[in-house]
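Indexing begins at 1, ligand by ligand and atom by atom, following the structure's order.
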Amino acid sequence: MKRFNFLAINAGFFILTAIFSCSPSKTDQTAHSDTQPNIVFIMTDDHAEKAISSYGHDLLQTPNIDRLANEGIRFENSFVTNSICAPSRAVLLTGKYSHLNGLRDNRDEFDGRQITFPKLLQQSGYQTALVGKWHLKTKPTGFDYWNILIDQGEYYNPRLVENGDTTVIEGYTTDIITDYALKTIEERDTSKPFCLLLHHKAPHRNWMPNSKHFDMYKDENIPLPDNFWDDYATRSAAASEQDMRIEDMYLSTDMKLFPEDYGEETGTGGKKGANPERGWINNYNRLTDEQKAAWDAHYNPIREDFREAKLSGKELVEWKYQRYMKDYLRCVASVDDNIGRVLDYLDEKGLAENTLVVYTSDQGFYLGEHGWYDKRFMYEESLSMPLIIRYPEAFEGGRVNEELVLNLDFAPTFLDYAGVEVPADMQGTSLKGLLEQEQEVEWRESIYYHYYEYPHGWHDVKKHYGVRTGRYKLIHFYNDIDAWELYDLQEDPTEMNNLIENEEYQEIRKELSEELDRLKDLYQDI
Ligand SMILES: [Ca+2]
């Protein structure tokens, strides 16, 4: 814990001691394991499945996430109900769709008076803790201990609010969040099971890597996705207005250049009229002298090359893609390192067997597909979220599950494993039957999605809702547009060909439309 400054250590110990006042007994680590598992819920922000090697991709090696997949169950078809940060978190906590939990987009505040799974676990005897990104504006409820980043948080030297008190901790945020998470487990009341929500900021924009990963991909070029130069033909919502193209990324905060490198900021960055330079320079100035020296040693040669090359057109876009991807993947490398630390800690303390460990992200992300970064659209890259669950005491690992699961299912799953009755108005389904391969599991054959953040907010993606089955997807964009899209994911996995007017698909369109009506009714989204 060398990276903590002295004041922060003392503040942390004071609070932890005050909260966990029952004296810990190291001999009683598994006393509760027969009935209630410990839960470690690790969630990152904007981590695409494509940036995980166990999902079958080779952009990046993620040995620690892969270890979890080898020892647990990896879900091939896990999805988010509303692909944006705060709404995804509200769904996770409540087990309810956005229109019922009241948090439709990042502008809304979370109503912390609602029933959430941490509250119910707490009432059933769990010690509950939240460490890392929160992003729901209101104060966390249902946690014995919380220590959270402010809003989106910072990559370096983050401000952390620990049960209401703000401190600045020197170091790299992904490491620091993990430090606090492990400290929270270490100092818990061992007579109780614990539930820890470990929520990383990374790899959210603006992708500032730990200097130890600067050399990754140094002399490599990352291949462009096949549909990088998408013209959005047949898809009017994508063609009309969205502002999430890599082409339009900021030269300042996204590319880490300074005004003297480029003159005038030409990127729109998802929000015309924002002032990205000010935010970026503030971020840079938060670095310590030592961090700045490491930063400059890596980025100054990149800046010099940029100034000399005077790139424009496609060359500039491809340069942006390389810069974006390398920093994004380096940030994921830190996430993977720190997952390794958590798994090693659980092993060392004899907690691995009776702890349910989840790895997921609040949604997926575009890594150049359709020419994009960001999320929001109901297309596969942002609808999908990685999901791996390990609980050695209950099931063997190494399997892949292909059922359609949702972030709506987390709350019922944790309550089910804890032996707590799932409230009737939670809309998800416990994953326990799938995890334990019970023979008579009847599972959903379609999922429902609804995105709202328009015209306010970022990136100008129009409101839409839709249904996805194992093979097909029907989407309706609405508000100031009335556009339907239909995809055959088996024939067109990258969703380039909208089949809504195709004669051969009219029967499927009708069936999907009926299924969409059924789901809207089922989830009370009317
Ligand atoms: Ca996110």
Check: N338/T174 side-chain N/O donor and acceptor closer than 3.5 Å: no
Under 3.0 Å from the Ca ion (ligand 1) - protein N/O/S, by chain and number: D45 OD1, D46 OD1, C85 SG, D362 OD1, D362 OD2, Q363 OE1
Heavy-atom donor-acceptor pair, Y465 side chain to K520 backbone, under 3.5 Å: no
Candidate list Y417, F117, F75, F41, test ring pair (Phe, Tyr, Trp, His ring centres under 6.0 Å), partner F410, passing option: F41
Side chains of H450 and D525, donor plus acceptor under 3.5 Å: yes
Under 3.5 Å side-chain donor-acceptor pair for Y145 and N147: yes
T413 (side chain) donor-acceptor with L431 (main chain) under 3.5 angstrom: yes
